[in-house]
**Student:** 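Take this structure first; my questions come after.
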Protein chains: 2
Amino acid sequence: MRGPGQWQHRLRRQGARWTVPRRAILELLSRTSKHLSAKEVYGSLHRTNPGLGLTTVYRTLDLLVRMGLLNKLSFGSGESRYEFRSTDEETHHHHLICMQCGKIIDYTDFVDEEQELVKKIEDSLAKKHGFKINDHHIEFLGLCPECRG
Amino acid sequence: MRGPGQWQHRLRRQGARWTVPRRAILELLSRTSKHLSAKEVYGSLHRTNPGLGLTTVYRTLDLLVRMGLLNKLSFGSGESRYEFRSTDEETHHHHLICMQCGKIIDYTDFVDEEQELVKKIEDSLAKKHGFKINDHHIEFLGLCPECRG
DNA sequence: ATGATAATGAAAACCGTTATCAATAATAAT
DNA sequence: ATTATTATTGATAACGGTTTTCATTATCAT
């Protein structure tokens, strides 16, 4: 059910216009399971949208994150990466990252136990430090089969 | 027992020299519980070490991370931050971060249960994806009391 | 002490990202 | 439909954190 119609409504509801670059970027990211950088998004869309500028890609990615349609990921490599943000709970996942080549794998192992523990920690931290906690990230770092040599 | 002597040995063992900037940076970071950026390290040491250059700070931080004496942290704010890496298990912790002002709080809540779950996930991921897993990060994101308003 | 060479500091280069601004396109009003 | 309003766009320049370059200096083995 997710698709252009839904996205358009979401944008309009928040006072943003439904434009060609926004649609193109959403369609690209919703179709791939990869975690793309701004440059990669720009590169991927350059064929089909020759006029598109890199500045617009940055602005659009930023907007779509604020609108809740994308997640922005920053592993320590300098550049930010973006992934489509699905609405259903089913897709809750975290990341396994190769420290050498930067490969990213989405995983969902033990999500139920994770949610349970996360809930406990969140409550504890919220009470102890007065935070309103909105999200959490978990990442495992290691060497992928190719990079272990 | 941790201290200059230990650090010096560690560096020498890996073929690095024991220099004034390296000692100064290690002492600074081992004495603070803060997570400092390169610029902040530079700023903190400028009084006592007027000759120290920012380039050296960057290089030294990088070296000490490779030597296993510091942890490099990258939350999404563009700059990297560094924390002293203690040897004992006691200090295993993760981070609670304010999305608005960037405040960082080290927490150790439910570490035992976390370690247990982490172990299970690591084994599962290692087997499934052929990774050699070395580390993991967990972070909770939210708004601190000041920023919730 | 001395020589070999790793480490340093200043400046310039680099790279991802953001600000500027005139031109354009999307929406609201007519 | 047409026009007016205003958000969005794209090119360029600017920005901030980090890295590279290279001549000088400091550390360490001899």
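Reminder, nothing fancy here: chain letters follow the sequence lines and each chain counts from 1.
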**Student:** Out of the candidates A:K120, A:K119, A:K127, only one should pair with A:D123 under the salt bridge (Lys or Arg N to Asp or Glu O under 4.0 Å) rule; please name it.
**Tutor:** A:K119

**Student:** Is the shortest side-chain N/O distance from B:R59 to OP1 or OP2 of D:dT20 below 4.0 Å?
**Tutor:**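 No, outside the criterion.
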
**Student:** Would you jot down, in residue-number order, the residues of residues 48-57 of chain B having a non-hydrogen atom under 4.0 Å from DNA chain C?
**Tutor:**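 Those residues are B:G51, B:L52, B:G53, B:T55, B:T56.
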
**Student:** Is A:H46 atom NE2 crowded by more than 12 heavy atoms from other residues, nucleotides or ligands, each under 6.0 Å away?
**Tutor:** yes

**Student:** Enter the distance from B:Q6:CD to B:L69:CG here, rounded to the nearest 0.5 Å.
**Tutor:**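 Atom-to-atom, B:Q6:CD and B:L69:CG are 10.0 Å apart.
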
**Student:** What's the CD-P distance between B:E79 and C:dT17, to the nearest Å?
**Tutor:**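 Whole-Å distance recorded here is 15 Å.
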
**Student:** Given C:dT8, is OP1 or OP2 found less than 4.0 Å from the side-chain N or O atoms of B:R22?
**Tutor:**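 Yes, such a contact exists.
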
**Student:** Please walk me through it: do A:H95 and A:F75 pass ring pair (Phe, Tyr, Trp, His ring centres under 6.0 Å)?
**Tutor:** CA-CA 10 Å; A:H95 299 108; A:F75 312 113; 5.6 Å; yes

**Student:** Return whichever of B:S80 or A:V20 has its heavy-atom-nearest nucleotide of DNA chain D closer to the 5' end.
**Tutor:**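 Comparing both residues, the 5'-ward one is A:V20.
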
**Student:** Scan B:R12 against the nucleic acid and name what it touches under 4.0 Å (heavy atoms): base, sugar-phosphate only, or nothing.
**Tutor:**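 Contact class for B:R12: sugar-phosphate only.
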
**Student:** Rounded at 0.5 Å granularity, tell me how far CD1 in A:I104 sits from CD in A:E83.
**Tutor:** 8.5 Å

**Student:** Round to the nearest Å and state the distance from A:L61 atom CG to C:dG16 atom P.
**Tutor:** 14 Å

**Student:** State which of D:dG17, C:dT8, C:dA26 makes the closest approach to the side chain of B:P21.
**Tutor:**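 Minimum distance to the B:P21 side chain belongs to C:dT8.
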
**Student:** Expressed in angstrom and rounded to an integer, what is the separation of B:Y82 atom OH from D:dG17 atom P?
**Tutor:**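 One finds 13 Å between P of D:dG17 and OH of B:Y82, rounded.
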
**Student:** B:D62 CG to D:dT18 C1': how many Å, rounded?
**Tutor:** 10 Å

**Student:** Rounded to whole Å, how long is the line connecting atom CG of A:L73 with atom P of C:dT17?
**Tutor:** 12 Å

**Student:** For DNA chain C, determine which residues of residues 25-47 of chain A have any heavy atom closer than 4.0 angstrom to one of its atoms, and list them numerically.
**Tutor:** A:K39

**Student:** Would you kindly give the CD-to-P distance between A:Q14 and D:dA7, to the nearest whole Å?
**Tutor:** 16 Å

**Student:** Are any non-hydrogen side-chain atoms of B:K39 and B:E79 less than 4.5 angstrom apart?
**Tutor:** no

**Student:** Centroid-to-centroid, A:H92 to A:H136, below 6.0 Å?
**Tutor:** yes

**Student:** To the nearest Å, give me how far apart OH (B:Y58) and P (D:dT21) are.
**Tutor:**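 Atom-to-atom, B:Y58 to D:dT21, this comes out as 18 Å.
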
**Student:** Take the protein atom CG of A:L63 and the nucleotide atom C1' of C:dA26, then report the distance between them rounded to whole Å.
**Tutor:** 15 Å

**Student:** Within the supplied structure, the quantity of interest is the number of heavy atoms (other residues, nucleotides, ligands) at a distance under 6.0 Å from A:K34 NZ; does it exceed 12?
**Tutor:** no

**Student:** Does CD in B:Q115 sit with more than 12 non-hydrogen atoms of other residues, nucleotides or ligands closer than 6.0 Å?
**Tutor:**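 Yes, because the 6.0 Å sphere around CD of B:Q115 holds more than 12 heavy atoms from other groups.
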
**Student:** Under the 3.5 Å rule, do the base of D:dT6 and the side chain of A:R17 count as making a donor-acceptor pair?
**Tutor:** yes

